[in-house]
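For reference, the structure is listed below as structure tokens.
Just so you know, ligand 1 is whichever comes first in the structure, and atom 1 is the first atom listed for that ligand.
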Amino acid sequence: MQLQQHIFFIGFMGSGKSYHARRIAQMRGDEELFLDLDLLIAEEAGMSIPDIFAQLGERAFRALEQEALIKVIEQPPRIIACGGGCPCWYDNMQRIKAAGLSIFLHPPVSVLHQRLLPEKAQRPLLAQVREVDFENFIEKLLQERLFYYLQADLIWRGALNTK
Ligand code: S3P
């Protein structure tokens, strides 16, 4: 059955957005409903997300990210995992709110830290952060982003399983 509106999963890197968006699509019996915005950006650019950051810079990535968001919003409703920074740039959060239901996954910083540390090198925003500064960095960036994340329709506090 078709969705009535888009469902957006938002939240920090490592919060489980893609995992849960995909799971809900599977539970509805149609995995095609799931869309990972980062995958779409990489596909359209013909480059990986780390390569976009490294070769074009974060501003260029954010412009591609907004382009992808606008494109997806215009299409039939999907269950969308947004990149962690997506709602926090330009008027993206307003667009998300106008286009459907938004769900903010909000696990504790200690959980984010534990999940992200092993993947640090592959994540453009985290790769350069020293291990001793890592938890503080996550805490600070999350605090800055809460203004946007907390505008979501639903907020899930706590660590959901991602296994
Ligand atoms: C980013 C999160 C990443 C990806 C990019 C920037 C961010 O997506 O969009 O590396 O600014 O938090 P995930 O949250 O899906 O890891």
Counting heavy atoms only, which part of C86 comes closer than 4.0 Å to ligand 1: side chain, backbone, both or neither?
neither
Could you see which bit of L37 sits under 4.0 Å from ligand 1, with heavy atoms only: side chain, backbone, both or neither?
neither
Does [X] reach ligand 1 with a nitrogen or oxygen that is under 3.5 Å from one of the ligand's nitrogen or oxygen atoms?
X   : answer
D38 : yes
C82 : no
G85 : yes

Check ligand 1 against F61 and write out every atom of the ligand that is under 4.0 Å from a heavy-atom position of the residue.
9 (O)
Quick check on contacts: which atoms of ligand 1 are under 4.0 angstrom from a heavy atom of P124?
10 (O)
Check whether [X] reaches the backbone of [Y] with its side chain - one donor and one acceptor, N or O, closer than 3.5 Å.
X    : Y    : result
S102 : D153 : yes
N92  : C86  : yes
R157 : P108 : no

Carboxylate-amine/guanidinium proximity below 4.0 Å for K140 and E144:
yes
Nearest protein heavy atom with distance in Å, relative to atom 16 (O) of ligand 1:
R123 NH1, 2.6 Å
For atom 6 (C) of ligand 1, state which one of Q122, E119, R62, R145 supplies the nearest heavy atom.
R62
Is the shortest side-chain heavy-atom distance between Q66 and R62 below 4.5 Å?
no
Looking at side-chain heavy atoms only, is the closest gap between R59 and W89 below 4.5 Å?
yes
Parallel, tilted or perpendicular: which fits the ring planes of H6 and F8, with parallel below 30° and perpendicular above 60°?
tilted
